[in-house]
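Keep in mind that the numbers below use all heavy atoms, side chains included, and drop hydrogens, waters and symmetry copies. Keep in mind that what you see is a predicted model, and the values were worked out from it rather than measured.
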Amino acid sequence: MTVLGAARGVVLDMDGVVYRGATVVPGAREFLAALRNRGVPYWFLTNNSSQTPSDYERKLRGMGIDAGAAQILTSAVGVQRYLQRCDARGRALIVGEMGLREAAVAAGLAIVEGGPAEFVIAGLDRRFSYDRLRA
């Protein structure tokens, strides 16, 4: 832990770093406890936009990892913050799952299922079809 002596914070990818699937990576809980004990804040990061920070919070807590939704940054959260910073307004076609949908709504966009849209926001979509792509 001496390497982290001057650290002001730590950002950790989740899948493959903190856990693999539903299994905690050996040493992850202990590492996070050491950060907490030293007062070093930490955040979790993922490029998976399919779930919300609250979903990830439940997953992490279910694995015995102390985490709050505010510590979890997903690519959907990044999209939301960008749209808010740009004061984006209008309709969005979402090619993605709940994480992106909630982020777009939180940014003030109206979700459309087809037809005209000012924004197309894409991420992991396990229901993807070429009909949706054409839309």
Side-chain angles (χ1 to χ4, degrees):
M1 262 328 225
T2 58
V3 171
L4 293 174
R8 296 188 320 196
V10 175
V11 179
L12 300 156
D13 186 28
M14 289 191 283
D15 195 12
V17 175
V18 177
Y19 58 77
R20 286 186 197 103
T23 304
V24 177
V25 169
R29 285 189 198 102
E30 296 78 8
F31 177 73
L32 295 170
L35 292 175
R36 265 192 316 282
N37 291 338
R38 292 174 186 255
V40 177
Y42 56 90
W43 298 269
F44 301 97
L45 184 69
T46 181
N47 66 347
N48 187 334
S49 63
S50 67
Q51 297 181 48
T52 67
S54 295
D55 294 331
Y56 282 112
E57 175 185 12
R58 280 189 295 281
K59 178 176 181 157
L60 290 167
R61 288 187 183 272
M63 290 189 266
I65 295 172
D66 186 27
Q71 290 175 274
I72 299 166
L73 305 170
T74 69
S75 53
V77 170
V79 167
Q80 175 185 339
R81 290 180 181 173
Y82 175 77
L83 291 168
Q84 288 169 324
R85 193 170 51 246
C86 295
D87 197 28
R89 298 279 183 254
R91 297 166 302 228
L93 174 65
I94 306 297
V95 180
E97 297 183 13
M98 191 52 66
L100 278 179
R101 294 180 77 79
E102 284 191 14
V105 169
L109 298 178
I111 306 298
V112 297
E113 296 302 323
E118 287 76 32
F119 301 91
V120 176
I121 304 171
L124 175 65
D125 188 339
R126 289 175 278 234
R127 296 172 295 120
F128 177 80
S129 70
Y130 285 100
D131 286 337
R132 286 189 50 75
L133 179 60
R134 276 191 295 277

Sidechain-backbone polar pair: Arg29 side chain, Met63 backbone, donor-acceptor under 3.5 Å: yes
Taking all non-hydrogen atoms of both residues into account, name the closest pair between Ala88 and Phe119 and its distance. CB-CZ, 3.6 Å
Nearest 0.5 Å, what's the OH-OG1 distance between Tyr56 and Thr46? 4.0 Å
Ser49 vs Val79 side-chain heavy atoms within contact, under 4.5 Å: no
If hydrophobic clusters are built by linking Ile, Leu, Val, Met, Phe, Trp and Tyr wherever their side-chain heavy atoms come under 4.5 Å apart, do Leu73 and Leu100 end up in the same one? no
Establish whether Val95 and Leu124 are linked, either directly or via other cluster members, by ILVMFWY side-chain heavy-atom contacts under 4.5 Å. no
Between CG on residue Leu32 and OH on residue Tyr42, distance to nearest 0.5 Å: 5.0 Å
Non-hydrogen atoms of Arg36 and Asp66 that approach each other most closely: CD-OD2, 3.5 Å
Going from CG on Asp55 to CD on Glu102, what distance comes out if it is rounded to the nearest 0.5 angstrom? 7.0 Å
When rounded to the nearest 0.5 angstrom, what is the spacing between OG1 in Thr52 and CZ in Arg101? 14.0 Å
Using a 6.0 Å cut-off, check whether atom OH of Tyr82 has over 12 heavy atoms from anything other than its own residue. no
Out of Val10, Leu60, Val11, which residue meets the side chain to side chain contact (heavy atoms under 4.5 Å, CB included) rule with Phe44? Leu60
Which pair of heavy atoms, one from Ser50 and one from Asn48, lies closest together, and at what distance? OG-OD1, 2.6 Å
CG (Leu93) and CD (Glu113) are apart, to the nearest 0.5 Å, by 7.5 Å
Single-linkage hydrophobic cluster Val40~Val17, side-chain heavy atoms < 4.5 angstrom: yes
Lys/Arg N to Asp/Glu carboxylate O, Arg20 vs Asp15, below 4.0 Å: no
What about Leu83 and Ile111, same hydrophobic cluster or not, with Ile/Leu/Val/Met/Phe/Trp/Tyr joined at side-chain heavy-atom distances under 4.5 Å? yes
Taking every non-hydrogen atom, the tightest pair across Ala76 and Gly99: CB-O, 3.5 Å
Verify, without hydrogens or angle tests, whether Ser75 (side chain) and Asn47 (backbone) share a donor-acceptor contact under 3.5 angstrom. yes
Mind checking the NZ-CE spacing from Lys59 to Met14? Nearest 0.5 Å is all I need. 8.0 Å
Does the Arg61 side chain pair with the main chain of Ala67, one donor and one acceptor, at a distance under 3.5 Å? yes
Glu57 (side chain) donor-acceptor with Ile72 (main chain) under 3.5 angstrom: no
Grouping I, L, V, M, F, W and Y whenever their side-chain heavy atoms are under 4.5 Å apart, do Tyr19 and Phe31 come out in a common cluster? yes
Under 3.5 Å, is there a donor-acceptor pair between the side chain of Glu118 and the main chain of Arg89? no
Atom CZ of residue position Arg91 - does it have more than 12 heavy atoms of other residues, nucleotides or ligands inside 6.0 Å? yes
